[in-house]
Amino acid sequence: MTEAQGPPEPLLTISHFARLSRLSPKALRLYDTLGLLRPLQVDPGSGYRFYAATQLEQARLIGLLRRLDMPLGQIQALIQAPVTDRAAQLQRYWQGLQRELQEKESLVAYLTDCFSQKETKMFEIQERTVGQVQVIGRRGRVHLGALPDFIATTFQELQQHLAAQDAPFAAAPYTLFYGEVSADSDGPVEVCIPFCGRVVPGRGMTVRAEPAYREAYVTLTREQQGTVQAILTAHDEVARWLRQQGKTLARPAREVYLQSEGEQQPTLEVAYAYRVES
C-alpha cells in the first residue's frame with residue numbers, strides 16, 4: 001500500500017497573498033515576470049495567480065531587502081546564493097550603501113558652502129614647472145559613477161603595455177579632464193603615464209611628447225582623497241587662484257596619483273596648467 005498523502009496545501013489568491021506578505025499585487029506581478037517569486041499555480045484560462053503559504057517567508061524577505069533599496073537583480077542573486085554566503089553578500093551591499101552615503105554627505109557639505117557663498121581655504125596653492133616628457137594615454141567617455149573603474153582599468157592596461165616594451169615610468173600617472181564628468185556629462189577624460197624610452201602604442205592608445213609648462217597645484221592626503229567635498233574644493237581653490245592671479249588656463253585640469261602610505265600622506269595632486277606670458 002502506498003503511504004496516504006495529506007490534503008493539498010490551500011492556495012492563496014494574489015490579493016490575499018499580497019495582504020499577508022505586505023507586498024502589492026503590482027510588485028508580485030513584477031517579481032513573477034522577473035522570476036524572483038513565481039506563483040505556485042496560474043489558472044490557464046483566467047491567468048489568475050495563486051500562491052502557497054510556504055512562499056510567504058521568501059516574499060517577506062524580498063520586501064525587507066527592498067526596504068534597503070537593494071536592486072531586484074541583487075536580491076535575486078542573494079536568494080539564489082547558498083545560505084552560508086547570504087550574510088556576507090548582504091554585508092558587502094550594506095558597506096557599499098554606507099560609502100555612497102558618506103559621499104553624499106560630503107557633497108552636501110560642499111554644496112552648503114557654495115550656497116552660503118563661503119570661500120573655503122583648505123589647501124595651500126603651490127607652483128612648479130613640469131618638464132617636457134613623453135606620455136602614453138587612452139581617452140574615454142565615462143560618467144561619474146564609472147570613473148574610478150575606468151581610471152583603474154585603463155591605468156593597468158597602460159602599465160602592462162609599458163612593461164612589455166621595457167619602458168619605465170618617467171613621472172607619476174595622471175588623468176586629464178577635457179570636460180565635466182558627472183551623472184549627466186561624460187568628459188571625455190584621458191589616463192596618461194609619462195615614460196622613458198621608445199614605445200609603440202597599442203590599440204586605442206596614443207603616444208606624444210608633452211612640452212614643458214607651468215602649473216598651480218594642491219596636494220590631498222589619502223583621507224581627503226576619499227571625500228567628494230575635498231576633491232571639489234581643491235579644484236575650486238586652484239581655479240579661483242588662477243582667476244585672482246589673472247592667469248589663463250593652458251591645458252585641461254589634471255589629477256596626479258602619488259605613491260604614498262598612510263592616511264595623512266599626500267596621494268593626489270589637483271593641478272591646473274597656465275599660460276606664461278613671454
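FYI, side chains are in, hydrogens and waters are out, and symmetry mates aren't considered; it's all heavy atoms of this structure. Along the sequence shown, the residues carry numbers beginning at 1. It should be emphasised that the depicted structure is a prediction, and the values quoted were computed from it without experimental measurement.
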Pairs involving residues 72-91, ordered by first then second residue, that meet salt bridge (charged side-chain N to carboxylate O under 4.0 Å, His left out) (sequence neighbours left out) | none

Which pairs with one or both residues in residues 204-213 pass salt bridge (charged side-chain N to carboxylate O under 4.0 Å, His left out), sequence neighbours excluded?
->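 For residues 204-213: Glu190-Arg208, Arg208-Glu210, Glu210-Arg251.
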
Examine the side chains of Glu269 and Tyr174 and answer whether a donor and an acceptor come within less than 3.5 Å of each other.
->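 Their side chains do not contain a donor-acceptor pair, so the 3.5 Å distance test is not met.
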
Which residues pass the side-chain contact (heavy atoms from CB on, under 4.5 Å) test with Ala167, sequence neighbours left out?
->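 With sequence neighbours excluded, Ala167 shows a side-chain contact (heavy atoms from CB on, under 4.5 Å) to Leu162, Phe195, Val199, given in chain and number order.
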
is_close_aromatic(Tyr51, His16), centroid dist under 6.0 Å = no

Taking atom [atom1] of [X] as the centre, does the number of heavy atoms from other residues, nucleotides or ligands within less than 6.0 Å exceed 12?
{"X": "Arg214", "atom1": "CZ", "value": "yes"}
{"X": "Phe169", "atom1": "CZ", "value": "yes"}
{"X": "Gln244", "atom1": "CD", "value": "yes"}
{"X": "Gln245", "atom1": "CD", "value": "yes"}

Main-chain N/O of Gln102 paired with Ser106 side-chain donor or acceptor, under 3.5 Å |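 Checking the backbone N and O of Gln102 against the side chain of Ser106, no donor-acceptor pair under 3.5 Å is found.
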
Keeping the roles fixed (side chain from Gln55, backbone from Leu37), state whether a donor-acceptor pair exists under 3.5 Å.
->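 No: the side chain of Gln55 does not pair with the backbone of Leu37.
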
Partners of Thr219 by side-chain hydrogen bond (donor to acceptor under 3.5 Å, both in side chains), sequence neighbours excluded?
->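 Result, side-chain hydrogen bond (donor to acceptor under 3.5 Å, both in side chains) vs Thr219: none returned.
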
Within the structure provided, determine whether [X] and [Y] are in side-chain contact (heavy-atom separation under 4.5 Å).
{"X": "Pro201", "Y": "Thr206", "result": "no"}
{"X": "Phe123", "Y": "Val270", "result": "no"}
{"X": "Leu220", "Y": "Thr267", "result": "no"}

Name the atoms and distances for all side-chain donor-acceptor pairs under 3.5 Å in residues 130-144, with sequence neighbours left out.
| unit_1 | atom_1 | unit_2 | atom_2 | d |
| --- | --- | --- | --- | --- |
| Gln134 | NE2 | Gly197 | O | 2.9 |
| Arg138 | NH1 | Glu157 | OE1 | 2.2 |
| Arg138 | NH2 | Arg203 | O | 2.4 |
| Arg139 | NH2 | Tyr178 | OH | 3.4 |
| Arg141 | NH1 | Asp186 | OD1 | 3.1 |

Closest approach of Lys121 to Glu124 (non-hydrogen atoms, all atoms of both residues) = NZ-CA, 4.5 Å

Listing, residues 61-74 side-chain donor-acceptor contacts under 3.5 Å, not counting sequence neighbours, or none:
| unit_1 | atom_1 | unit_2 | atom_2 | d |
| --- | --- | --- | --- | --- |
| Arg66 | NH1 | Met70 | O | 2.7 |

